[in-house]
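First the structure, in the form of structure tokens, and then the observations on it.
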Amino acid sequence: MKRIAMNSTQLKPVAAALLAVFAISGLGIALYTPASRAADGKKAEAAKPALTVTTALPVASRLPIKLAANGNVAAWQEASVGSEANGLRLTEVRVNVGDTVKAGQVLAVFSADSVNADLAQARAALQEAEANAAEAAANAARARTLQSTGALSAQQISQYQTAEQTANARIASARAAVASQQLRLKHTQVLAPDSGVISARTATVGAVVGAGTELFRMIRQGRLEWRAEVTAADLRQLRIGTGAVIKAANGSEATGKVRMVAPTVDPQTRYALVYVDLPASATSAANAPFKAGMFASGQFELGASDAITVPQQAIVVRDGFSYVFRLNADQHVSQLKVKPGRRLSDRIEVLEGIGADTRVVVNGAGFLNDGDLVHHVTEAAPAPVPAQAQAKAAARSVPAAR
């Protein structure tokens, strides 16, 4: 009994200690609960927006449909002006490269001395033939009057009639010789076959050239065309009369129309030529922006179609792909892959990836990542300029009177 009592006495301090520990623990729990809530609040306050952004909805627009192409500028048709005289000396060249000529204008002149001599000889032969023909005609007429008298035989009468016919044939031959020499005399002047611009000249004063030698090359009517190279897949979009805007090497632009689409495709390059007439205002002047042989780029105008567009700043290009950032209801953004299309001023068409009601980030899109928290603000309109400030600016822009 004593041992049990002593044990009970010894347990009382232990129980008291345990109760003290539990009390302290409870106090700790009571003290920890408000502190933990404050820490959680601080963590919640630490979730700040990554960026302040503005957004916009896609806009339905009407965009032009254009087909880009490249090609060379060439003459509509070239005329080769050659010599028709053989073995004559060139005495005068009246035009040079770049000159504008009219149809029938004299371009060059050959020496006509030998041709004039041959023409005089042909004319003398004609006169001789005419004299012989007159004598033969008189003899034939007398023979016909004596035919009934029997003074001349039928053979003699036939001979006189044959001589008359032979003399007439000689007259025709002499006249043909005269015409031939007159034609040679005409060919001593080289005439322009059509109106146009001289593009090349090989004629040299003093040279003796043969028949058929090229002396000049000219662009007929001064017309130039753009020969655009178009793939076989795009040919079905082009028709005769389709408009095109062609850009020269110096940046000048001209508007033309499709004149013809080539009926064949090059088997090596798989391109077909589309011939576009260029306006005379862009080709005829001496300082015209388009010259034959130059390279030019252009676009065919194929009409217009409906499209959804977004501002250019909303498109972000990463790793070779285009993205936009959609603003969600919880103010977080989602990165969406899109397929861009045509460009019009500062807007870009979106073919795939978003709808017409998708609100996308505009300003600040290039600095965002998928899932970022943002602060959305409405883009502020520019502040109005006070009337007094406007008056001062106008006064500065007007030059002082002298």
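Model, not experiment: these values are computed from the prediction. Just so you know, these numbers use all the heavy atoms, side chains as well, and skip hydrogens, waters and symmetry mates.
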>> Please enumerate all residues that pass salt bridge (Lys or Arg N to Asp or Glu O under 4.0 Å) together with R144, with sequence neighbours excluded.
In response: E164
> Taking C-beta and beyond as the side chain, do T269 and E229 meet within less than 4.5 Å on heavy atoms?
Replying inline: no
>> Looking at every non-hydrogen atom in both residues, tell me the closest pair between T242 and E301 and how far apart they are.
In response: CG2-O, 3.5 Å
> Between V73 and E225, is a side-chain contact (heavy atoms from CB on, under 4.5 Å) present by the stated rule, with each step listed?
Replying inline: CA-CA 6 Å; V73 177; E225 63 185 11; over 6 Å; no
>> Distance check, rounded to the nearest 0.5 Å: T55 atom OG1 versus R359 atom CZ?
In response: 4.0 Å
>> For V324 and I315: C-alpha separation, side-chain torsions, deciding distance, then whether side-chain contact (heavy atoms from CB on, under 4.5 Å) applies.
In response: CA-CA 5 Å; V324 297; I315 302 292; 3.7 Å; yes
> What residues form a side chain to side chain contact (heavy atoms under 4.5 Å, CB included) with T91, not counting sequence neighbours?
Replying inline: R89, V109, S111
> Can you check whether I354 reaches L336 side chain to side chain, under 4.5 Å on heavy atoms?
Replying inline: yes
> Are side-chain N/O atoms of S61 and R342 paired as donor and acceptor at under 3.5 Å?
Replying inline: no
> Mind checking what makes salt bridge (Lys or Arg N to Asp or Glu O under 4.0 Å) contact with R220, not counting sequence neighbours?
Replying inline: D194
>> Ignoring hydrogens, what is the shortest heavy-atom contact between P193 and V81? Give both atom names and the distance.
In response: CD-CG2, 3.7 Å
> How many angstroms lie between atom CZ of R223 and atom CG of D277, to the nearest 0.5 angstrom?
Replying inline: 5.0 Å
> What is the distance from atom CD1 of I65 to atom CD of Q237, rounded to the nearest 0.5 Å?
Replying inline: 8.0 Å
>> Testing the basics here: between G256 and V276, what is the closest heavy-atom pair and its distance to 0.1 Å?
In response: C-CG1, 3.8 Å
>> Between T166 (side chain only) and T162 (backbone N and O only), is there a donor and an acceptor less than 3.5 Å apart?
In response: yes
> Between atom CZ of R239 and atom CG of L302, what is the distance when rounded to the nearest 0.5 Å?
Replying inline: 10.0 Å
> Do S195 side-chain atoms and A103 backbone N/O form a donor-acceptor pair below 3.5 Å?
Replying inline: yes
> Does the side-chain contact (heavy atoms from CB on, under 4.5 Å) test come out yes or no for V190 and V93, once each step is laid out?
Replying inline: CA-CA 9 Å; V190 180; V93 178; over 6 Å; no
>> To check you understand the geometry: which heavy-atom pair defines the closest contact between Y323 and K337, and what is its length?
In response: CD2-CA, 3.6 Å
> So do V362 and V310 actually touch side chain to side chain, heavy atoms under 4.5 Å?
Replying inline: no
> Does any N or O in the side chain of S322 come within less than 3.5 Å of the main-chain N or O of V338, such that one atom is a donor and the other an acceptor?
Replying inline: no
> Do Q335 and V333 come close enough that some side-chain heavy atom pair is under 4.5 Å?
Replying inline: no
> Which residues satisfy the side chain to side chain contact (heavy atoms under 4.5 Å, CB included) test with R347, sequence neighbours excluded?
Replying inline: V59, T309, P311
>> Just so I know, are the side chains of T188 and L88 near enough to count as touching, which here means a heavy-atom distance under 4.5 Å?
In response: yes
>> Quick test of your reading: applying ring pair (Phe, Tyr, Trp, His ring centres under 6.0 Å), list the pairs with at least one residue in residues 91-126, sequence neighbours left out, ordered by first then second residue.
In response: none
> Are K186 and E84 close enough, and set up right, to give a side-chain contact (heavy atoms from CB on, under 4.5 Å), and what steps lead you there?
Replying inline: CA-CA 10 Å; K186 180 182 178 181; E84 297 184 64; over 6 Å; no
>> Can you list everything that forms a side chain to side chain contact (heavy atoms under 4.5 Å, CB included) with D330? Sequence neighbours excluded, please.
In response: N328, H332
>> Keeping N363 on the side-chain end and T54 on the backbone end, is there a donor-acceptor pair under 3.5 Å?
In response: no
For residues 114-137, which side-chain donor-acceptor pairs fall under 3.5 Å, sequence neighbours excluded?
unit_1, atom_1, unit_2, atom_2, d
N116, ND2, A112, O, 3.1
D118, OD2, R184, NH1, 2.9
N132, ND2, E128, O, 3.4

>> Can you tell me how far apart CG (N96) and CG (D99) are? Round to the nearest 0.5 Å.
In response: 6.0 Å
> Is a donor on one side and an acceptor on the other found under 3.5 Å between the side chain of T202 and the backbone of L215?
Replying inline: yes
> For residues 247-257, which residue pairs qualify under side chain to side chain donor-acceptor pair (under 3.5 Å), counting only residues two or more places apart or in two chains?
Replying inline: N250-S252
>> Are more than 12 heavy atoms, taken from residues, nucleotides or ligands other than Y271, located less than 6.0 Å from that residue's OH atom?
In response: no
>> Tell me the closest heavy-atom pair linking A75 and I219, and the distance in Å.
In response: CB-CG2, 3.8 Å
>> Which residues pass the side chain to side chain contact (heavy atoms under 4.5 Å, CB included) test with V197, not counting sequence neighbours?
In response: T100
> salt bridge (Lys or Arg N to Asp or Glu O under 4.0 Å) with D346: which residues, sequence neighbours excluded?
Replying inline: none
> Quick check: are there more than 12 heavy atoms from other residues, nucleotides or ligands sitting under 6.0 Å from CZ of R236?
Replying inline: no
> salt bridge (Lys or Arg N to Asp or Glu O under 4.0 Å) with R94: which residues, sequence neighbours excluded?
Replying inline: E92
> Side chains of N139 and R142: closer than 4.5 Å at any heavy-atom pair?
Replying inline: yes
> Who passes ring-ring contact (aromatic ring centres under 6.0 Å, His included) against F300, sequence neighbours left out?
Replying inline: W226
>> Within the 4.5 Å heavy-atom criterion, are L273 and Y275 side-chain neighbours or not?
In response: yes
> G341 and I348: which non-hydrogen atoms are nearest, and at how many Å?
Replying inline: N-CG2, 4.4 Å
> Side chains of D370 and S334: does their closest heavy-atom pair fall under 4.5 Å?
Replying inline: yes
> Looking at CE of M260 and CG of L238, how far apart are the two atoms once the value is rounded to the nearest 0.5 Å?
Replying inline: 13.0 Å
